[in-house]
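In listed order, ligands and their atoms are each counted from 1. For this chain, numbers begin at 1 and follow the sequence in order.
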Amino acid sequence: MKFLKFLVAAACAVPFAGSAQAADLELWRLDCGSVEVRDLSLFSDAFGYGGTHRTLTDSCYLIRHDKQYMLWDTGLPAALIGSKPDAKAPIVPSLTIDIPSQLAKIGVKPEQIGYIGISHYHFDHVGQAAAFPDAVLLIGKPDFDALKLPPPPFGVEPKLLQPWLSGKSKVEPVSGDHDVFGDGSVVVLKMPGHTPGETSLLLRLAESGPVLLSGDVVHFEEQLANRGVPPFNWDRAQSLASMDRLTSIAKNLGAKIIIQHDENDIAKLPAFPKSAR
Ligand SMILES: [Zn+2]
């Protein structure tokens with residue numbers, strides 16, 4: 001009986017997306033830079049991808065939920081614009097346009113951004129967050145905790161999140177999954193492995209259908225097919241479990257997976273300033 005009550009309560013708690021009151025949801029793909037990888041074997045701890053190189057995209061996203069705006073990831077730091085890349089470095093990040101300039105093209109001001117969802121703490125995902133200090137930061141709790149501990153983990157520059165680390169701006173550390181607007185249309189999904197607090201984002205778009213923004217559960221499609229785990233991931237077993245969760249969700253919901261660093265994947269969404277609905 002107790003269990004039955006639990007099931008009823010749980011069913012009532014699950015928001016129903018697609019009802020008559022469903023929110024108007026819109027998604028824009030933004031250009032948040034690119035990362036040249038000279039030797040792709042850096043992304044396999046099983047000696048895969050040897051002898052190949054690849055340009056990874058650094059995409060980030062604007063979401064409109066009725067009149068509320070949310071960014072998903074904030075790309076590479078704006079200081080990279082106009083900088084000379086180190087041609088000999090194994091990984092070369094570059095950026096040509098910042099997020100506020102792109103938002104201006106569709107008439108959105110930085111202060112209109114109510115939420116910033118961050119897939120994980122690496123510098124190529126939090127780079128321009130500080131341009132939106134009015135936004136509430138949603139970030140996996142284990143990642144937010146790690147940002148406060150010296151020394152910072154690999155690929156982390158805490159100063160890029162200073163408004164939230166200093167307590168001036170509001171942060172909501174996320175444990176488990178998190179339904180951002182309470183109607184099931186935008187849900188942060190727990191996907192640990194790449195980092196301890198890694199997350200992906202599920203969007204239920206009315207016309208395009210469900211979309212999964214991958215975070216860095218993987219960096220390119222082949223990694224899902226042959227389970228490529230980068231040696232710099234935080235936990236190998238959890239990385240594999242999160243790949244499994246991502247592909248299972250996609251299968252069950254018929255969702256499109258958008259691997260944020262893969263140019264073939266981000267091409268599944270319209271080019272800015274066009275949007276998906
Ligand atoms: Zn990344």
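At a cut-off of 2.8 Å, H219 is not counted among the residues with an N, O or S atom near the Zn ion (ligand 1). At least one N, O or S atom of H261, from either the backbone or the side chain, sits less than 2.8 Å from the Zn ion (ligand 1). For the Zn ion (ligand 1), the set of nearby N, O or S atoms under 2.8 Å includes none belonging to D58.
A donor and an acceptor atom, one from each side chain of E263 and T57, are nowhere located under 3.5 Å apart.
Checked against the 6.0 Å centroid threshold, H261 and H125 count as a close aromatic pair. Separation of the Y49 and F220 ring centroids falls under the 6.0 Å cut-off. If you look at F144 and Y121, their ring centroids are not closer than 6.0 Å.
Between E157 and K159 there is a salt bridge, since a side-chain N of the basic residue sits under 4.0 Å from a carboxylate O of the acidic one.
Looking at D216 and the Zn ion (ligand 1) together, the shortest N, O or S contact belongs to OD2. Restricting D124 to its N/O/S atoms, the shortest distance to the Zn ion (ligand 1) is reached by OD2.
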